[in-house]
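Below, read A as the first sequence line, B as the second, and so on, with proteins coming before strands; counting in each chain starts at 1. Only this structure's heavy atoms are used, side chains among them; waters, hydrogens and symmetry mates stay out.
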Amino acid sequence: MSSPRYSPREIEPKWQGRWEESGIYRAQEDPSKEKFYCLEMFPYPSGDLHMGHMRNYAIGDAYARFLRMKGYNVLYPMGYDAFGLPAENAAITRKVNPAKWTRQSIERMISVQKRMGLSYDWQRTLATCEPEYYHWNQWIFLKFMEKGLAYRRAAPVNWCPSCGTVLANEQVENGGCWRCSSQVEKKDLEQWFLKITEYADELLNDLDTLENWPERVKVMQRNWIGRSEGAEIEFPVVGSDTVIPTFTTRPDTVFGITYMVMAAEHPMLPQLVAGTENEEGVLDFARRVLKKSAIERADDTRDKEGIDTGRRFINPVNGQEFPILVADYVVMGYGTGAVMGVPAHDQRDFEFARKYGLPVTVVIQDETGKLTGDTMDCAYVGDGPMVNSGPFDGRRNREAMADFVSYLEANNWGRGAVSYRLRDWLISRQRYWGTPIPIVYCDVCGTVPVPEEDLPVILPHDVQFTGEGNPLETSPTFVHTSCPKCSGPARRETDTMDTFIDSSYYYFRYTDPAYEKGPFDPEKGAYWMPVDQYIGGIEHAILHLLYARFFTKGLRDLGLTEVDEPFTRLLTQGMVIKNGAKMSKSMGNVVPADEMMERYGADTARLFILFASPPEKELDWSDQGVEGSFRFLNRVFRLVMESRELLEEADAEEDKDDDRVRSLRHSVNRTVKKVTEDIEKRFQFNTAISAIMELVNDFQRFKADGGLEIPGGRSVAGEAVRAIILLLSPFGPHLAEELWEATGQPYSVARQPWPDYDPELATTRTVEIVVQVNGKVRARFDASPESSREELEDAALQIPRIREYLEESELVKLVVVPGKLVSLVVR
RNA sequence: GGGGGAGUGGCGGAACUGGUAGACGCACGGGACUUAAAAUCCCGGGCCCGUAAGGGCGUGAGGGUUCGACUCCCUCCUUCCCCA
């Protein structure tokens, strides 16, 4: 007689089919139930699903299943971030249509996701490359435009010569393209921007309300927004009516200015030196500087280089004249591109001044009171009384700061100002595979938005992929159109939108993916939003999460929603690493998800990836140990199948006096408590799973020890079987369904209430008390958890080994921690 | 250079509020079953000394606080991420 074998190959498709037929994972608005919106960051459909994806979905699905069993009305959708470069590159190199390529990739992703047994509401699936979706990109863009949140201007942009496109500041990494690492160049183009800076303060302040976001993500966003308070001061150029504006965070040091440096790319520079004898040399220097990368220029350890323009400016506070220089360590784009040089109180300025023999004027004294510009060997950046500062002499610099700003304002030399590192979001892309920007250029009417009723502006198919320039410009049907205002001949905008726009509001769209009158039905949005739990890679800590927060605030101000923040809780899953690098196609270190499922089944793969490491931690991939997860599921299968009739006997009459029965009942209750808390409070799936393993071990031992023959043994065994199946169901849903059915329970295990525990039974009846002598464990004994200090002390002092210590030396101190230990100090 | 993590057996990791370091699993060693193997089950295990009882050492390094430190404080090292 052979017993049935655990066969994921048969079990898994069976239940996947059953789930699909019965539609048990569909989400429906139900105001009588508490909702929970659980969401994973949607993937780019490259076609291959690797371990990074698998980890993401295993976490989200386990959590969503847990919440359903906990009684929440759960929304758990999936979609595809389908616009982007890979599809377009495939079109260029392999001559395939990007739409077709993308749709095929999506199909492949879906089939693997279904094979994983993920409990998505598949009816809500969306793909951002479909007109029904990007329609709303365009609609939101137009609404933002009406509000002044979208605008067009010529701007020096980051240009990647290799990708042939403009990049947002956020997409420039170490001076190179985020995608191909080519050196980024500066180029002037007419571009569309979204005014994210309008929300800079709110984006910054609301971070404080996000209590359930990882601190490090908030820190990164704070730094990215980079708010600094200070003053903007205008310096008149000698012999001209130009003024150069500068921003400083240290207005208290303005009396210590001895020079000014401008960035090599400062737009005023050519005009400033025009016609002077230094013109040639300065512009030459500037060109040389611009060839260096941003990191090189900002490197503090490197020697700074500069050149005198020959022009001078007046420091308005004391009327003195100082030189204007150009230097490599000042970068345009932060502040105003011109920096006042205060060498006495800024280390970079100090080094620069010493190198070029510029004067150093102390305006804040240290505690010695003896600082002088000629003798100091590094800048003094601390606080102290102000000196050489006219009316401010003698005041503490920090306290005088605000008055100093008022002083500047009163004399019309400058004003208090706040500066942000955050720039407006450049969204124009000279690319085909993206959302067309709904704008028409008419010689007569100028820039004309496409009327709302003409949306969506459909991305045309009659384009040429040559690998050069924007393919959209090759579409005859697209480019030439008529002006919506005057009906005269007009040209369409051929730039498309940054794909980060697609992912900035997709979570709203899931609440109502087929809605035709707007991005989503505000009522449905109001029911489901905000996302209660968002799960995704730490690599999106800045870009995507900041843009999504901005969009939410923008949509709120359009009256579409009342939520201020889209994601209440955020879990940043650690990256899956292989051979020292993030798993990615370009690195060639991808481990496909279906490979492991082929060998062991979806349940094993899911269980293993969750068991291998806590979710937030980076996971260096190795399949060492998968066997263990597979063996565990086999053991569960065997154990339950052998005793499948037991579940029916759960909760029968119990015999409280047998130790083995009591111990297993304790184990069941303790495990339910631990698994529940590990999932709910700590997101520690790895320890939740290990707790289930312990329960299975206990149950197995119980059976081996003849526990089923004891009065009450079958009842508690039934409780154990039930707990094992239910606790396992979020991690190995197919096996759990199979076992639930085999034990005679009605479909579906996914609809069962999550098991409860008895807090009294979850705690032990005896605890082991440790006896320490001078900090070292010298004995142990068992006691009731309720034992008093005196009882424990007495018991400890009775132990012969401990008495020996006391005979030899004198007891100096005795500490008793009830339920834990007795600690003796002897001398 | 600034900001934020992380460092625990051969490996992944556990230790929740300062209270038994190493749960659970992998790999390994021994045994049972088997003609044999696989599978399964049982036993073992941080390191060092010791036949053992036992003792010493031990959470990146060094110091500190404490009856007691993986946990708190200081200094340092290594490493990863973000920003320059």
Item to check | Spacing of the P atoms in G60(B) and G10(B) (rounded, Å) | outcome: 13 Å
Next on the checklist: Taking C82(B) as the reference, what is the distance to C11(B) when you measure between their P atoms (whole Å, please)?
Outcome noted: 27 Å
Next on the checklist: side-chain contact (heavy atoms from CB on, under 4.5 Å) for Phe350(A) and Gln347(A)? Distances and angles first, verdict last.
Outcome noted: CA-CA 5 Å; Phe350(A) 182 82; Gln347(A) 186 59 27; 4.3 Å; yes
Checklist entry - What class does the angle between the rings of Phe66(A) and Tyr63(A) fall in, given that below 30° is parallel, 30 to 60° is tilted and above 60° is perpendicular? => result parallel
Checklist entry - If we take the C1' atom in both U17(B) and G2(B), what is their distance in whole Å? => result 33 Å
Checklist entry - What does G1(B) pair with, Watson-Crick or G-U, if both distances are under 3.5 Å? => result C83(B)
Next on the checklist: As a test of reading the structure: which of C67(B), G12(B), C83(B) is closest to the side chain of Ala612(A), going by heavy atoms?
Outcome noted: G12(B)
Item to check | Spacing of the C1' atoms in G12(B) and C77(B) (rounded, Å) | outcome: 25 Å
Next on the checklist: Just to be sure I understand the rule, does Val219(A) reach a base, reach only the sugar-phosphate, or reach nothing, if contact means heavy atoms closer than 4.0 Å?
Outcome noted: sugar-phosphate
Next on the checklist: So Arg635(A), base contact, sugar-phosphate only, or nothing? Heavy-atom distance under 4.0 Å.
Outcome noted: sugar-phosphate
Checklist outcome for this item: Pairing partner of U40(B), by Watson-Crick or G-U wobble and under 3.5 Å for both distances, is A32(B)
Checklist entry - Once the angle between the rings of Phe567(A) and His544(A) is folded into 0 to 90°, is it parallel (under 30°), tilted (30 to 60°) or perpendicular (over 60°)? => result tilted
Checklist entry - Who does U59(B) pair with, Watson-Crick or G-U, both distances under 3.5 Å? => result none
Checklist entry - Between A14(B) and C33(B), how far is it from one P atom to the other, in whole Å? => result 39 Å
Next on the checklist: Return the pairing partner of U78(B) with a 3.5 Å limit on both distances, Watson-Crick or G-U wobble; otherwise return none.
Outcome noted: A6(B)
Checklist entry - G9(B): syn or anti, with syn meaning chi within 90° of zero? => result syn
Next on the checklist: I want to verify a distance call: between C82(B), G13(B), G25(B), whose nearest atom is closest to the Met220(A) side chain?
Outcome noted: C82(B)
Next on the checklist: Quick check on Arg803(A): does its CZ atom have over 12 non-hydrogen neighbours (other residues, nucleotides or ligands) under 6.0 Å away?
Outcome noted: no
Next on the checklist: Classify Phe611(A) by what it touches in the nucleic acid, base, sugar-phosphate, or nothing, heavy-atom distance under 4.0 Å.
Outcome noted: base
Checklist entry - For Gln700(A), which contact category applies under a 4.0 Å heavy-atom criterion: base, sugar-phosphate, or nothing? => result sugar-phosphate
Checklist entry - What residue among Arg670(A), Arg660(A), Arg665(A) forms salt bridge (Lys or Arg N to Asp or Glu O under 4.0 Å) with Asp698(A)? => result Arg670(A)
Checklist entry - Under 4.0 angstrom, heavy atoms only, what part of the nucleic acid is Glu677(A) near: base, sugar-phosphate, or nothing? => result nothing
Checklist entry - When all nucleic acid strands are considered with a 4.0 Å heavy-atom cut-off, which category describes Arg631(A): base, sugar-phosphate, or nothing? => result sugar-phosphate
